[in-house]
Q: 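Have a look at this one before I ask anything.
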Protein chains: 2
Amino acid sequence: MALSRTRIVDAAYTTLCEHGLAGLSMRRLAHDLGVQPGALYYHVASKQDLLAGVAERILADSAKLTSTSDPARAACDLREALLRVRDSADVISFVHVFRPDALTPFHTLRELFAARLPARQAHRAAQTLICYVLGFVAEEQNYAELVRAKIVNDRPSDTYSLSAFRFGVATILRGLST
Amino acid sequence: MALSRTRIVDAAYTTLCEHGLAGLSMRRLAHDLGVQPGALYYHVASKQDLLAGVAERILADSAKLTSTSDPARAACDLREALLRVRDSADVISFVHVFRPDALTPFHTLRELFAARLPARQAHRAAQTLICYVLGFVAEEQNYAELVRAKIVNDRPSDTYSLSAFRFGVATILRGLST
DNA sequence: ACCTGAACACCGTTCAAGT
DNA sequence: ACCTGAACACCGTTCAAGT
């Protein structure tokens with residue numbers, strides 16, 4: 001089968017799930033696709049460009065789920081979508097500044113707040129919630145990577161859990177509605 | 001002058017400030033110190049170990065400033081300390097899960113909330129605020145790197161500013177005090 | 001104890017040349 | 001148009017050997 005941007009992004013997505021960001025190299029990707037490293041650059045401008053494609057793919061899954069009008073639920077859905085892919089928060093956090101409008105959940109969230117707040121505040125409300133979600137999940141995933149690498153042993157701490165996550169989401173939403 | 005862990009951490013700190021995380025390699029560090037790459041590994045276990053040392057150093061500066069009892073001010077101080085060093089949020093976010101107790105500001109913030117909340121909630125309150133701060137500054141710094149690399153041009157957007165940051169901090173603190 | 005020299009197994013990216 | 005082959009300029013880490 002011929003190479004294409006879509007096929008490369010698909011392969012990168014799979015490799016990210018299975019081996020994490022540290023295991024995702026252009027050379028490995030080329031090898032898995034049975035092609036020379038240089039061939040990738042005919043379809044993809046750079047590794048960063050490729051990661052932008054992967055980020056869109058990760059969030060595309062969550063976009064289907066997040067057809068709710070409850071911001072708390074949207075935040076939890078987003079977290080779940082991120083947790084399905086290793087190191088995804090790092091990837092998304094980068095792409096979010098690179099292409100702020102390409103990532104649908106952020107757009108969705110902003111519109112959700114726009115129903116109850118003036119435009120400027122809705123933007124900031126969405127930004128606050130997103131920074132929290134990405135900050136939380138980034139740490140959660142960093143921790144998971146350390147456990148996987150057995151650098152740290154899996155104390156069943158309550159620090160990174162759904163309820164810990166919800167506490168923050170509830171706090172922010174409470175702060176917004178006052 | 002003889003090599004030592006402290007000298008290596010100092011050099012790494014300087015290089016991080018000047019060239020960012022992408023420009024911080026063990027080989028470059030060795031070159032700057034006038035030594036062979038292998039020599040570093042006599043004083044430092046790995047690059048991750050070195051970054052942990054750098055993270056402590058970054059936050060040591062902020063610890064001096066953060067002798068306040070106002071959480072909002074503490075959050076702003078922390079952000080300012082982070083903004084002084086390129087890519088510091090990424091470095092800290094990693095070390096925070098690696099050695100959660102080694103980073104004094106988080107400890108300080110938790111004690112600050114403990115004065116007004118039960119222990120469990122104080123812990124979660126501090127975690128919420130910290131995730132937001134790290135999430136916000138991580139994006140802010142990612143954006144700054146993209147501007148520096150001229151991948152994106154510096155639209156004077158209000159997205160990453162002190163007032164945008166404060167909006168989130170105020171929201172979270174309001175949510176906590178209800 | 002502390003460092004060198006040299007190697008091992010990798011990276012991202014470019015680009016002439018082939019088909 | 002699409003890909004190969006080969007190179008360029010790098011990585012982190014290890015380890016025998018020297019001083």
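Letters A, B, ... mirror the listed sequences (proteins, then strands); counts begin at 1.
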Q: OG1/T15(A) to CG/L24(A) distance, rounded to the nearest 0.5 angstrom?
A: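 The CG atom of L24(A) is 6.0 Å from OG1 of T15(A), to the nearest 0.5 Å.
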Q: Reading DNA chain D from 5' onward, which residue's closest nucleotide shows up sooner: R27(A) or Q36(A)?
A: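 Between the two, 5'-proximity favours Q36(A).
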Q: Take the angle between the ring planes of Y143(A) and Y160(A) and call it parallel below 30°, perpendicular above 60°, tilted in between.
A: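 Ring orientation of Y143(A) relative to Y160(A): tilted.
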Q: What's the spacing between D90(A) CG and E145(A) CD if we round to 0.5 Å?
A: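 If we round to the nearest 0.5 Å, D90(A):CG and E145(A):CD are 9.0 Å apart.
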Q: Is there a continuous path of hydrophobic side-chain contacts, each under 4.5 Å between heavy atoms, that joins V147(B) to L83(B)?
A: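 Yes.
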Q: How would you give the extent of chain A contacts on DNA chain D, as first and last nucleotide 5' to 3' within a 4.0 Å heavy-atom cut-off?
A: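 Counting from the 5' end, contacts occupy dA1(D) to dA7(D).
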Q: Can you tell me if CZ on R116(B) sees more than 12 non-hydrogen neighbours from other groups inside 6.0 Å?
A: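 No.
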Q: Under 3.5 Å, is there a donor-acceptor pair between the R124(B) and S163(A) side chains?
A: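 Yes, S163(A) and R124(B) have a side-chain donor paired with an acceptor closer than 3.5 Å.
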Q: With no hydrogens and no angle check, just 3.5 Å: does a side-chain donor-acceptor pair link Q141(B) and S88(B)?
A: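 There is such a pair between these side chains.
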Q: According to the Watson-Crick and G-U wobble definition with distances under 3.5 Å, which dot-bracket string, read 5' to 3', encodes DNA chain D, using [ ] for crossing pairs and | for pairs with another strand?
A: ||.|||||...|||||.||
Q: In whole Å, what separates the C1' atom of dC2(D) from that of dA17(C)?
A: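 So the two C1' atoms sit 13 Å from each other.
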Q: Can you tell me how far the CG atom of L50(A) sits from the OG atom of S46(A), to the nearest 0.5 Å?
A: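 Reported value, rounded in 0.5 Å steps: 8.0 Å.
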Q: Would you verify whether the NZ or CZ of R79(B) falls within 45 degrees of the ring axis of F136(B) while also being under 6.0 Å from that six-membered ring's centre?
A: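 Negative - R79(B) is either too far from the ring of F136(B) or too far off its axis.
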Q: Could you tell me whether R166(B) atom CZ has more than 12 heavy atoms of other residues or ligands within 6.0 Å of it?
A: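 No, not enclosed.
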Q: Can you list, by residue number, the residues of residues 40-47 of chain A that have a non-hydrogen atom closer than 4.0 angstrom to DNA chain D?
A: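 Of all residues in residues 40-47 of chain A, the ones placing a heavy atom under 4.0 Å from DNA chain D are Y42(A), H43(A).
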Q: Provide the distance between the two P atoms, one in dA9(C) and one in dC10(D), to the nearest whole Å.
A: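 My reading of the P atoms in dA9(C) and dC10(D) gives 22 Å.
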